[in-house]
Amino acid sequence: MKRRRGGDIILVIVLCVIGAALGRLQSQSREKGSLDPVSSVIAKTVNPATKVVDTVADATRDFLSGIFSVRSLRAENRRLKSEQLATALYQEKVEALQREIDELRKLNGLDSTPGRQKISADVIGYVPRENRITLSIGSSRGVIPGLAVVCPEGVVGVVSTVAPASCQVSLLGSANLIVGAMTQRNPPSVGLLQGAGANTTYIDFNDPKAEVKAGDLIMTSGFSEKIPRGLILGRVLSVEDNPELGQRRANVFPSVNLGSIREVFVLR
Amino acid sequence: MRAWRYWFVAIVGPYIAAAFQQGLAPRFTFVGIVPDFLLVFVAVFALFSSRPAATANGFFAGLLEGALAGVNLTHYVLSRTLAGFFGGAASAFNFQPNMGVAALMAAALTAISQVLLFFLAPPSGIGRFLGDTIGAAMYNGVLAIPVYALLRRILVTP
C-alpha cells in the first residue's frame, strides 16, 4: 500500500514536471507570436468537435426562438433587407473616400492606412476568466499577431497568438493588452487604454488637464502600424485625477458585449 | 465494469468535455459564472477510477483546458493534475458513490483547483475571485449530477 502511494506521488511529480516543461515551451512560442506545437495539435483536434457542438446549440436556439416569434422575425427580416441595401450604398461611398485618402497619402510618400481588409471569422472559443477568445481563422488567411479584431459595435481585442487555422485574441479587458486611444473631441485627448478585468478598462492621460468627461466616446488613436484610427473602444464611465503622478485616468466601459458575439472581423 | 467501456470514457470523455467547454460554456454562463465541464468530468470520473487514472485524467483535462484557452499551461496542468489526484485519493474513504457525492466532489475539486490557481497566478481582485470560486463550485456541483448519472449508466450497468 505504502509503495503504491509512493508511486502515485511520483506520477503526480512527473506529470507536474511535464506540465512545467510544456508551459515553458508555450511561453517561448508565444514570444514569437505563434502557438506551441502541443496547443496547436489540441486545437486542431478539438475545434472540429466544437464547431459541431456550436452548430447544434445554435440550431436548437434558432429553432425554439423561431417557433415562438415567427411574425416578429419576418418583420425584422424585411426591415434588415431594406437596411442592407442602404448600407451597401453607404459602403460604396466610404470605400471611394478611402481610396481617395490612400491616393493622397501615396502622393505624400506615406503608406496606406492599416485595417483596409476585413477577414470574417467565427468565435469558436470564449474564456471569460482569461479574457480570451479563439477565432476560426489563422496564418493561412494572413492573420498575424497585433491585428485588431472588431464587430459592428467596436473593437473586440487584438490577435495575440496565431496557428495555421485558428488564432487567440486578447480581449480589451485583458491586463496585458495596451491600445492607443483618444477621446472623440476637438482637439482629442490621447492616452493608452489598458484592461483591468472583464468589462473593465481604463485610459491614462499624461496631461492632467486632458478634456474628458463621463459619457465621452473613446476610439483608437491609430498610433500603430496594425490598428487603424477611429475604431470605437467604449464610453467613459468616470474620471479620476492623480495629482501626485500628474495623470488623469478615465474608466472606460467597452462597447462590445462579449457574451453575445459569434462573428467578428480581423482587420488587416 | 467492462474495461473497454472504461477506456472509451477515459479517452472520449475529456475530448467531448473540451468541445463543450469551448462551445457551450459561454452559453451556460449564469450571473457571470462559467461552468467548467472538464473539471466536472475529472471529478465524476475520479469516482469510478483509481488514483493514478484520476491523476492522469486531471493532467489531460488541464492540458486541454490550458491549450484551448491559450492560457499558461503550467498553471492549468498543475492545478488539474492535483485536483485529479485528490479526487482519486477520495476513494480511500470507501464511501458509496451517488449523485450527492458526485456533486460534492465536483464542488470540492473546483475549490481546490481554484485555490491552486490563486497561488500560481494571483488574480487582481480577491473578493471577486472568491465569489467566482464559490459560484463555480456550486454550478459545477449541479452539473456533476447528470454527468454522474450518464457515467454510471455507461460504466456500471451490466
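- Within the 4.5 Å cutoff, no side-chain heavy atoms of A:C16 are placed close to those of A:I13.
- Interface residue A:L15: backbone and side-chain heavy atoms are both found under 4.5 Å from chain B.
- Comparing A:A175, A:A43, A:S40, A:A57 by heavy-atom pairs within less than 4.5 Å of chain B, the highest count is held by A:A57.
- Heavy atoms closer than 4.5 Å to chain A are found in the side chain of B:T81, but not in its backbone.
- Salt-bridge formation is detected for the pair B:R27/A:D54: a Lys NZ or Arg NE/NH1/NH2 atom is positioned less than 4.0 Å from an Asp or Glu carboxylate oxygen.
- With a threshold of 4.5 angstrom between heavy atoms, A:S166 does not approach chain B through any atom at all.
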For this session: Decide side-chain contact (heavy atoms from CB on, under 4.5 Å) for B:L151 and B:V9; before the verdict, give the C-alpha distance in whole Å, the side-chain angles of both, and the deciding distance to 0.1 Å.
Result: CA-CA 8 Å; B:L151 288 195; B:V9 169; 3.6 Å; yes

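- For chain A, the option among B:H75, B:E65, B:Q22 with the highest count of heavy-atom pairs below 4.5 Å is B:Q22.
- Of the listed residues (B:A69, B:G88, B:A56), the greatest number of heavy-atom pairs within a distance under 4.5 Å of chain A belongs to B:A69.
- Judged by the 6.0 Å and 45° rule, A:R248 forms no cation-pi pair with A:F205.
- Chosen from B:I16, B:D132, B:L64, the residue pairing most often with chain A at heavy-atom distances under 4.5 Å is B:L64.
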Set out, in order, the CA-CA distance, both residues' side-chain angles and the distance that settles side-chain contact (heavy atoms from CB on, under 4.5 Å) for A:I178 and A:Q194, then state yes or no. CA-CA 5 Å; A:I178 298 173; A:Q194 199 168 347; 3.9 Å; yes

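- For chain A, no part of B:A25 is nearby; none of its heavy atoms comes within less than 4.5 Å.
- Heavy-atom distances place both the backbone and the side chain of A:D58 under 4.5 Å from chain B.
- A donor atom on one side chain and an acceptor atom on the other are found under 3.5 Å apart for A:S160 and A:R132.
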Note to self: ring pair (Phe, Tyr, Trp, His ring centres under 6.0 Å), that's the test. Do B:F118 and B:F129 meet it? Break it down for me.
What the structure shows: CA-CA 8 Å; B:F118 176 85; B:F129 176 84; 5.2 Å; yes

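- Taking A:T45, A:L25, A:I42 one by one and counting their heavy-atom pairs under 4.5 Å with chain B, the maximum is reached by A:I42.
- No part of A:T161 comes within reach of chain B, as not one of its non-hydrogen atoms sits under 4.5 angstrom from that chain.
- Contacts with chain A were tallied for B:A67, B:A89, B:A19, B:G84; B:A19 has the most, counting heavy-atom pairs under 4.5 Å.
- Checking each of A:I232, A:V155, A:L193 against A:T220 for a side chain to side chain contact (heavy atoms under 4.5 Å, CB included) leaves exactly one that passes, namely A:V155.
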